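Below is one structure, written out as structure tokens; comments come after it.
By convention in this document, chain letters (A, B, ...) are assigned in the order of the sequence lines, proteins followed by strands, and residues within each chain are numbered from 1. Since the model is a prediction, treat every value here as computed from it, not as a measurement.
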Amino acid sequence: MDWEREWERLNPYQREAVTDENKACLVSANVGSGKTTVLTAKILYLHEVKHVSYRYMVVLTFTNKAASEIRERLVRADPSVTPEETENFGTFHGVALGLLKKSLPVETLGYTKDFMVMEPDEELELAHALIAEKKLKIKYKNRLRKRLAEAERVSAAGDFGVAGGQDDLEILAGLLTEEKLRRNKMTFSDLMKNACLLMAKEEGEEERAANIQWVIVDEVQDCDGKQLEFIDCFMAEGAKLFAVGDPNQVIYSWRGSAFHLFYTLKTRYQAAELSLPVNYRSCNEILEAARCFQQNGGALEGIRGSGEKIVVKNHYDSFQEACYLTDRIRELQKQGIPFDEIAIFYRLQSQSKVLEDVFSKNGIPYEVAVKTGIHEIPVLEWLLRLLRFLADPADRAAAVFVLSSREYGVGISAKKAEKLAEEGWAGVCGRKEASESGSEKAAVPGLFERMVSFERNSAEIKDTNAFYEYFDLDCSLKPNAASYGDDKANVRHFLDRMFAFMNAKDLKLPEGLREFLNSAALYGTSRELLSEADGAGEACVKMMTLHASKGLEFSHVFIIGVNYGLIPLRTKGIDGEDEERRLFFVGITRARNYLELSWYTNPDTFGVMAGESRYIRMIPSELVQGQEPERQTGTASLQELRRQVQMAKENGERLEEKDVEKADGMKEMEEKTPNIESASAEILVRHETYGCGKVVEEDDTMITVEFDGYGRKEFIKAFSCLEILNGQ
DNA sequence: ACGCGAAATATTTTT
DNA sequence: TATTTCGCGT
């Protein structure tokens, strides 16, 4: 490979980081400063110049996406790398799983080598089953997942008893651990915990860990305690550390990432501190604005020069905004900006709904960045349970789910399925008594029997078709159902993936299935497991939360709802507020060329204040291209109509609109709003389900509409989806 | 089983 | 600030 060429591309700061010789080196990498480039270059440098085998490096990332990006770049620069050499390149959890499977003595903890990864939903189900079985008293059962995670963090931090549980949460946690061990399963956090535990033990460590000479970490600022400990295990064996991260992009501290992490690492390993100040991504105006939200004082230098000013806009409400964005995106597209270079960021997932509605009505192709995982597709969720049962016939909950599923099961109640599963158990244990409960079995189609006898027959099932036919899946997927086509495609695609995985690893069915499920648990959120039918294709406008925007970049970025109460979100303490600021920083630094911020005059969500967020006023005005509030054309929302009426009436009698400082702008507006009936004789509206109707009464919060055929209906204004028909 | 006041919680999400 | 849930009283 051509190391010289790679070297040429680096700036002096990047070079310094790549060649750093310290035992531990912490690189404070600013946004858009070529973090991944440095990471890849470091790996290549160690290999090419220092002659360190890839095998002696551990490369840790937070997400699968980051892991595959590094691997891709590595292969591009050095096509000779093999997957075997880079076994320890991956996510923290992936690498931990690999170590546990290959070299760590899991037996000493009571596990066997073929343990399985337990997905979060499975753990939650198990917890609920245990609560029912042991009659535990647990408060806030619907927030159990959060409470358990919290309890685990607290106990990991060593504050025993501080949790001071008023319920049986701690007992439950204990039982859960026991049960997981009994079932030979580990959750994501168990993977980290157990890997640390076993690596810290002395026996056998010299042979294994002493080989690791370098630990290379991406996005260190997101590490939690366990991940830090994992790194520490390698360090204890004499490995060197090269970690890259950005303290300004700590936006997941609510998930347990340690905020003082840079400081901790610096003192623990006397790490050298370097920085990558040069931002290659954004134009000056955007960087200038970003600096206002930087908390960690490192310099942020741009090299791109000036571009467009930042645009700040004010919309009446989110509906108006969505209409405006529709036009704006069309306009941009006419100027040659492709859809997939445009992104819209917001604080809350729920904010995407209005945009989705308006965009799909107006034919703007969009994609909401939600994790389109397996679990959101019912048929795959069902299949997954089936596979889980096949991998572990002791998993009764999985069997019950499969059989009693309304959509794909055999149409029996959960209770009956439970009973059957229990009897089936007896059947499996002592097969001779099979004829005993003949009447029960005859009533149930063959699905269950096939599930139970799968293990015996699995050797003959070598591909998707064989599997599909063995279970007569056409029968389960119900050819008459509307979703049959999609379901079948999804199932077959998933099975294809499974068999491809097994063939690639040269595994047969029973073990191969377990391996595949483990891998699906860790990498399953990626789109690869889903059918290509949905997703792939034309360029789309991307819509996502500010959190989800981290690590991405776009030419044009719109951040919407920059109001008090949303950005920043109303938070508990000062530290939470700091994180909101970092979140905003992350958002604005995604933009390469154009950034537009908008806020609502009349937010339609409770708890959100009218008026621009303090954050907008923190941006120096010379960077901002001022803009008058947009006058609405075309379809008017109810609120907009009200505004127009008000404007007409108070013509000349100017409102004190300069008084932006006031947070109670919304209240003020409502007080000054005249009753709509005094200004307009008859207003016709349309409702999604009731059709057309006439407004008969309206006050500040409620509106009453008379519909043909439905009579009078009352709506709360903030929630009503009424379209004005004669608003102009 | 139901009603009431007090208390707690809300948002972001990868593996 | 609004909604949900808990726990205690009937």
Nearest-angstrom distance from the residue atom [atom1] of [X] to [atom2] of [N]:
X	N	atom1	atom2	value
Leu60(A)	dT14(B)	CG	P	19 Å
Phe188(A)	dT14(B)	CZ	P	11 Å
His375(A)	dT15(B)	NE2	P	12 Å
Phe230(A)	dT14(B)	CZ	C1'	16 Å
Met192(A)	dT14(B)	CE	C1'	13 Å
His93(A)	dT13(B)	NE2	C1'	12 Å
Leu100(A)	dT15(B)	CG	C1'	14 Å
Arg147(A)	dT4(C)	CZ	C1'	15 Å

Is the shortest side-chain N/O distance from [X] to OP1 or OP2 of [N] below 4.0 Å?
X	N	value
Asn64(A)	dT15(B)	yes
Gln227(A)	dT15(B)	no
Thr545(A)	dT13(B)	yes

Query raised in the report: Between Phe293(A) and Phe584(A), how do the two ring planes meet: parallel, tilted or perpendicular, split at 30° and 60°?
Result: perpendicular
Salt bridge or not for [X] and [Y], using N-O below 4.0 Å?
X	Y	value
Arg73(A)	Glu69(A)	yes
Lys180(A)	Asp190(A)	yes
Asp357(A)	Lys353(A)	yes
Arg614(A)	Glu580(A)	no
Glu579(A)	Arg582(A)	yes

Protein-nucleic acid N or O pairs under 3.5 Å, nucleotides 5-8 of chain B:
residue : atom : partner   : partner atom : Å
dA8(B)  : O4'  : Tyr140(A) : OH           : 3.1

Report task. Please state the P separation for the pair dT11(B) and dT4(C) - nearest whole angstrom. Result -> 11 Å
Query raised in the report: Between the base of dT11(B) and the side chain of Arg570(A), is there a donor-acceptor distance below 3.5 Å?
Result: no
**Report entry** Under 5.5 Å and under 30°: Trp254(A) stacked on dT11(B)
**Finding:** no
Query raised in the report: Contact class for Lys550(A) vs. all strands (heavy atom < 4.0 Å): base, sugar-phosphate, or nothing?
Result: nothing
Report task. Among the candidates dT11(B), dT15(B), dT13(B), find the nucleotide nearest to the side-chain atoms of Thr91(A). Result -> dT15(B)
**Report entry** Value rounded to 0.5 Å, distance of CD in Glu179(A) from CG in Leu130(A)
**Finding:** 5.5 Å
Requested in this report: Searching all strands shown, indicate the nucleotide that pairs with dT12(B) (Watson-Crick or G-U wobble; both distances under 3.5 Å).
Outcome: none
